[in-house]
Amino acid sequence: MATYQLSVNGQSRAIEVAPDMPLLWALRDTLELRGTKFGCGRGICGACTVLVDGAAMRSCITPVGSVARQRITTIEGLAPEGRLHRVQSAWIEEDVPQCGYCQAGQIMMAVSLLAVKPQPTDHEILDAMSNNLCRCGTYLRIRRAVRRAANAEPRRTADTAAGSAL
Amino acid sequence: MKVVRIDRRTFLQVGATAAGGLLVGCYVRRPGTKSAAEFRPNGYLRIDPDGTVVLWSKNPDMGQGIKTSLAMMIAEELDVDWSMVRVEQAELNRAWYGGQGAGGSDGTPSDGPLGQRAGAVARSMLMAAAASAWGVDPASCETERGVVHHRASRRSSPYGELAASAAALPAPKEPPPLKAIDRHTIIGKPTRGVDTPKIVTGQPIYGLDARVPGMLHAVIEKCPVHGGRPVAVDAAAALAVPGVTRVVTIEGHTNPTWLRPGVAVVANSTWAAMKGREALRVTWDEGDGRDESSASLSAQFRSLAAKPGKILGDQGNVGRAFAQAHTNVDVVYEAPFLAHATLEPQNCIAHVHDGRCDILGPLQMPTSGAQVVAAVLGIPRESVSVQMTRIGGGFGRRLMSDYAAEAACISKAVGAPVQVVWSREDDLRHDYYRPAGLHHVRAGLDARGTLSVWHHHLVNVSRNRYRLGDTPPESTEIYGLIAPPAADPKKQFDNDLLPTLIPNCRLEYSEARTAVPTGAWRAPSHNFNAFVIESILDELAHAGRVDPIALRLQYLGAASDFPYEGDNPAPYKPERLKRVLQLVAERSGWGTPMPPGRGRGLAVHYTFGSYCAQVADVSVDADKQLRVHRVVAAIDVGVAVNPLNLDAQTQGGIIDGLSAAMFGEITIKNGRTVQSTFDDYPLLRNRDAPEIEVHIVPSREHSTGFGEIALPPVAAAVANAIFAASGIRVRRLPFAASGFTMGAVPR
């Protein structure tokens, strides 16, 4: 066991876990942030996507010890004080989810895309969002929601949470 | 408690909540059971004195949207504003709800009307309470958005203020009438999912997110060979892993769909359990399945196809008709095993204590799940409680409740609440797969281009055999096939075995045997049977130079050709199939020219009361790279309760069906499943998904479900389009097995 000081959603959290424990299980089992999902454990499906220093990362294959000095943002950290991120609002407007299990990962991927490419082309949307699997087939609504979020007036406070340093 | 009679099978139960609110439940009385039910603060709806309206979804939601649409149906008849309601997931409660579960696209057609009636009864009691207070005739009162009005005296009262007095009134003797369709304000209105805000903010609403105090985590190692079992366990290294507390052997049950053998590692975290499992040493009895392979199964299918099978229906003279046919096809179609690959892996929490078991998890079938858990624990089913979480995908996998039974066995052994979690590898290697099989079909057109003969020999593995069902092995495998009208039309319609006007028609079945576990997969049997039928119709149309739409319109017939006297509220009507066919032809530009290398394909199917036709537009290049540009769908589900969700389910069914048709294949080697994760069992990705247009048939027919109907036609629509584009006829799924690759659609 080893002790780590993590920065998660703007808070500093000390945890004592096995050094090889993936960030995913540290978030879910130790820090009780269960919005980040377990899908494959091999970094293929993207359900576990979080932001590490603003970039999308697969938490299921990221050892917790490797990100101890970086800023981690999970789906729970996108809406500080309950103000939804514009990507979350777009997801609601388009009613994207079916089962919904992959959507936290999809949303984190979209947030990381828009941080780098505020006005992505259709190609850029497809390239980014093809990193994440959806078993229900919500892909067309995901495309629409990303476009909607890109076209939405960015709200400074909501954007600061995940996008300011991206 | 009061009981009001609705019809032969259905009764409503009405009572007061402790806080003075009105609560209406509804349950189905089964023959041989008592009508009396325990009063509990549960049911379909509750109105509190402060005006709060809570609606319950009796069935779990796995993405099909039933939690929203059942609530819409209750709210419509209760006559409240949708923005006023809060929707909750009901727990298992046999007295209130009868059977609970999600399957067969049955929630909307069967449970929806119960909810509507529960709403209507509550509304009539609220009106009676107001009328009594005002000393007027209840018939002179009306309701609007949660308020009772008496226009003549200009009095009105919100539901909350009437809740306590309504609860004290007798229930109506006769069920109140439901609203006319034209007066619907909620049903038919595009409505977002009630859980969408929770999903997009990452709230812990899925099975794997659930926690109970003192809970341990468990993972299970199973014999890699299907049907095998542990004979010796060396747990020392596993127990040495920090956090691991116990190793538990699970014996399994006679019925492998209830519980399969394995060895569980129990720990204080998921990761510790996974690490412990890596250190586990198990000696297996691999059983009889160890020599099986996809090649040996295929050989078995071919050997059975060469011999006569069991005749399930025969009319006319098939032999003579072939001799006289002008155009013949004689073809073999092959189906692989398919995995469900729900994105949320199987998981469940169980707590066995004091002779009881509490289940908390993603149960698609809570009623049968409680029976399974009770059976493996040897306790009465009344001693099993079930709370359903939101479910991260079903697709038929969670019709089985084996993961709940596993959690129960482990909890019993360790004396603490336990959450079982499967890895993705466990999920793909130990699924209950869509049965593999082979179809040998001979069919012919007469000199006028009319479909005159159809001889269908299905050879496959029966999921009914695997689950030890008490009906014949073919009974689960023939959904969606065409057959001569049966002596008992009810049996035929209830099995979705479609009667046909083809004058010479024979349906034959042969059962193959395997140790590979099988089960239902979204639109069970329909999902491949539609591919076979709709591809062969296209083959016939091309061979006989007949218009593929005209060919279908001719053989389908009309409802009047197939009289039906059963209690199915929405029996098969060929006219509705013709309507979606004609609509999709209109909207897809069917028949207009296409550039070289590009083609359109058409398919239509009926599944569980609903109808869907699709036209796929594809291109195929010289390297067999397939691009699916667009799919146009026409769909008829009767009155569409939630059109926003119908659009979503149609898109999802098409993408799921295309993903399976392109990539989906589980293969067997040395008795083991070869595939283990999403790199060797790929799913369609966003860039590969076609544009999809959904056209809904306006309808006043009984509302039917739509979680499955959009899937069956797509494989044939795409295969027929591949033929139109390239001249290559694909008779085996997935397309990838014939050398096709998926190309992104140019944008």
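Proteins get letters first, then strands, A, B, ... in listed order; numbering begins at 1 in each.
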Between the main-chain N or O of B:D688 and the side-chain N or O of A:Y139, is there a donor-acceptor pair closer than 3.5 Å?
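Side chain of A:Y139 to backbone of B:D688: no pair is present.
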Any donor-acceptor pair under 3.5 Å from A:R141 side chain to B:Q651 backbone:
no
Between B:T196 and A:D95, does any side-chain donor sit less than 3.5 Å from a side-chain acceptor?
yes
Testing the basics here: between [X] and [Y], what is the closest heavy-atom pair and its distance to 0.1 Å?
X	Y	value
A:C102	B:L343	CB-CD2, 3.3 Å
A:I92	B:P197	CD1-CA, 4.1 Å
B:P345	A:F38	CD-O, 3.4 Å
B:F678	A:G39	CE1-O, 4.3 Å
A:G100	B:I199	O-CG2, 3.5 Å
A:I75	B:G202	CG2-CA, 3.6 Å

So for atom CZ, which belongs to B:R630, do other residues, nucleotides or ligands contribute more than 12 heavy atoms lying within a distance under 6.0 Å?
yes
Count the heavy atoms of every other residue, nucleotide or ligand shown that sit under 6.0 Å from CD of A:E81, and state whether that count exceeds 12.
no
Any chance you could lay out the side-chain hydrogen bond (donor to acceptor under 3.5 Å, both in side chains) test for A:D29 and B:S269, step after step, and finish with the verdict?
CA-CA 7 Å; A:D29 283 357; B:S269 77; 4.8 Å; no
Could you please spell out the steps behind the side chain to side chain contact (heavy atoms under 4.5 Å, CB included) verdict for B:D209 and A:R28?
CA-CA 8 Å; B:D209 305 337; A:R28 289 184 55 85; 3.0 Å; yes
I want to check something: taking the side chain as every heavy atom from C-beta on, are [X] and [Y] in contact at a cut-off of under 4.5 Å?
X	Y	result
B:D679	A:R42	no
B:T342	A:R135	no
B:N645	A:Q98	no
B:M274	A:W25	yes
B:N686	A:N132	no

Taking side chain as everything from C-beta outward and backbone as N, CA, C, O, which of these in [X] sits under 4.5 Å from a heavy atom of chain B? Side chain, backbone, both or neither.
X	result
A:Q103	side chain
A:E93	both
A:D127	both
A:I142	side chain
A:I107	side chain

What residue, out of B:D647, B:T191, B:L658, has the most heavy-atom pairs lying under 4.5 Å from chain A?
B:D647
NZ/NE/NH1/NH2 to OD/OE distance under 4.0 Å, [X] and [Y]:
X	Y	result
A:D20	B:K275	yes
B:R687	A:D122	no
A:E94	B:R192	no

For B:N268, check side chain to side chain contact (heavy atoms under 4.5 Å, CB included) against everything at least two apart and list the hits.
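Counting only residues at least two positions away or on another chain, B:N268 forms a side chain to side chain contact (heavy atoms under 4.5 Å, CB included) with B:A272.
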Using 0.5 Å steps for rounding, measure from the SG atom of A:C99 to the CG atom of B:D61.
9.5 Å
I'd like to know whether A:Y101 forms a side chain to side chain contact (heavy atoms under 4.5 Å, CB included) with B:L208, so could you lay out the CA-CA distance, the side-chain angles of the two residues, the decisive distance to 0.1 Å, and finally the verdict.
CA-CA 10 Å; A:Y101 192 77; B:L208 202 52; 3.6 Å; yes
